[in-house]
Amino acid sequence: MSATGFHEGETATQRRAGVEAEARRLEGMLRASGLSAGAEAFLGSQRFAAMTGRDHDGVLWISPLAGPPGFLRGEDDLLRVSALPRGGDPLHEIPGGQQVGLIAIDFATRRRLRVNGELVDADGAGLTVRVDQSYGNCPKYIHRHAIDVAGMTGPVSQRRATLLGPTDQALVAASDTFFLGTSHPTRGSDASHRGGPPGFVRIDSPTRLWWPDFPGNNMFNSYGNLAVDDEAALLFVDFDTGAALHVTGTARVRWTTPGASGDDGGVGRSVAFSVGGVAR
């Protein structure tokens, strides 16, 4: 897969939001293939990333990856990851030959870089991604968190459920950060970051939650994917303990009048998520 600009879902969402002209000025970012020298340097200094991909049953999940600086190494059009989704993670032993999305984030400097490409190798030594796209995102809504690599790399007990339990709901309600995985039929998977005040993700029931949208870079990569394919995955991380909550399901963007009740960002958009499966 070689991306050549915005796809139909992204342009439709940009048009509905009234920002198509602004987004068009950023489209060149999507045409650059491989990794720039600046991207390689940034990746090489990071300790945390989140990756979107599919398990052996084809279910979409997003999972944390952590390691000491250098565990992400860019080499032209390849990204080598000296880490694996830990034991018990839904993407543990992730199958190769699929499109994945990865976001590396520096919570201290509030910088992030998205990488999309093909997972060409996954073995006991790590992962190798052939990069189709890499581009930075704005620092908005990134909250500072310490990364405990040891706490995020050890195996975890695997618990699967079809709804959010009380402990899951407590983690969601306390979170100021989560990661969103989406997919497009031909462009593949994508990973993005969402941040807001603690509690900005609301829980309607054990199977339904939602969050308000906030002003961003107007590219609408994630929401453009959802306009075409409603499959989605969420990752919430307890940065104090390293525990992770994985949720898979479907999502849709809801359009309202800007400033309506619950429209914290004043943009007239929120996202409703229906839980299909939970792993923790």
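Position 1 is the first residue of the sequence, and the numbers go up from there. Worth saying up front: this structure is predicted, and the values here are computed from it rather than measured.
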Find out whether [X] and [Y] are in side-chain contact, i.e. whether some heavy atom of one side chain is under 4.5 Å from a heavy atom of the other.
X      : Y      : result
Leu79  : Leu43  : yes
Leu127 : Ile94  : yes
Val228 : Pro185 : yes
Asp77  : Leu35  : no
Val131 : Leu78  : no
Thr13  : Phe6   : no
Ser189 : Met51  : no
Gln46  : Pro69  : no

(request) Not counting sequence neighbours, which residues clear ring-ring contact (aromatic ring centres under 6.0 Å, His included) with His184? List them please. (result)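 Listed in chain order: His7.
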Just jot down the ring-ring contact (aromatic ring centres under 6.0 Å, His included) partners of Trp210, sequence neighbours excluded, or say none.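 Result, ring-ring contact (aromatic ring centres under 6.0 Å, His included) vs Trp210: none returned.
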Contact summary for [X] and [Y], nearest pair of heavy atoms:
X      : Y      : result
Ala49  : Leu72  : CB-CD1, 4.3 Å
Ala244 : His246 : CB-NE2, 3.8 Å
Asp229 : Ser183 : CB-O, 3.6 Å
Gly196 : His143 : O-NE2, 2.8 Å
Ala233 : Phe273 : N-CE1, 4.4 Å
Gly74  : Glu40  : O-CD, 3.4 Å

Inset, instruction - Take Arg25 and Glu20, measure what salt bridge (Lys or Arg N to Asp or Glu O under 4.0 Å) needs, and give me the verdict at the end. - result: CA-CA 9 Å; Arg25 291 194 286 269; Glu20 192 172 13; over 6 Å; no
Output the distance between atom [atom1] ([X]) and atom [atom2] ([Y]), rounded to the nearest 0.5 Å.
X      : Y      : atom1 : atom2 : value
Thr207 : Leu163 : OG1   : CG    : 7.0 Å
Thr52  : Leu102 : OG1   : CG    : 8.5 Å
Asp230 : Asn225 : CG    : CG    : 11.5 Å
Leu180 : Leu226 : CG    : CG    : 6.5 Å

List the atom pairs, with distances to 0.1 Å, where a side-chain N or O of residues 171-179 and a protein N or O form a donor-acceptor pair under 3.5 Å, not counting sequence neighbours.
from	atom 1	to	atom 2	distance (Å)
Ser175	OG	Leu171	O	2.7
Asp176	OD1	His145	NE2	2.9

Self-check item: Arg130 CZ: over 12 foreign heavy atoms closer than 6.0 Å
Solution: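 No, the 6.0 Å shell around CZ holds no more than 12 heavy atoms from other groups.
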Is Glu231 salt-bridged to Arg54, going by a charged N under 4.0 Å from an acidic O?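 Yes.
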Item checked: Pair Arg280 + Asp168, salt bridge at N-O below 4.0 Å ->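 The answer is yes: the pair qualifies as a salt bridge.
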When you check the side-chain N and O atoms of Arg114 and Ser134, is any donor under 3.5 Å from an acceptor?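 The answer is no; no qualifying pair exists.
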Review point. Are Asn221 and Glu10 linked by a side-chain donor-acceptor pair shorter than 3.5 Å?
Key: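 Glu10 and Asn221 do have a side-chain donor-acceptor pair below 3.5 Å.
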If the condition is side chain to side chain contact (heavy atoms under 4.5 Å, CB included), which residues does Thr153 pass it with, not counting sequence neighbours?
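Scan of Thr153 (side chain to side chain contact (heavy atoms under 4.5 Å, CB included), adjacent residues dropped) gives Ala66, Val149.
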In one Ile/Leu/Val/Met/Phe/Trp/Tyr side-chain cluster, 4.5 Å: Leu245, Met152 |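 Result: no, two separate clusters.
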Got a list of side-chain donor-acceptor pairs under 3.5 Å for residues 56-65, not counting sequence neighbours?
from	atom 1	to	atom 2	distance (Å)
His56	NE2	Glu93	O	2.7
Trp61	NE1	Asp55	OD2	3.0
Ser63	OG	Asp89	OD1	2.6
Ser63	OG	Asp89	OD2	3.2

By the salt bridge (charged side-chain N to carboxylate O under 4.0 Å, His left out) test, which pairs, at least two apart or in different chains, include something from residues 258-276?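 Found Arg202-Asp264, Asp213-Arg269.
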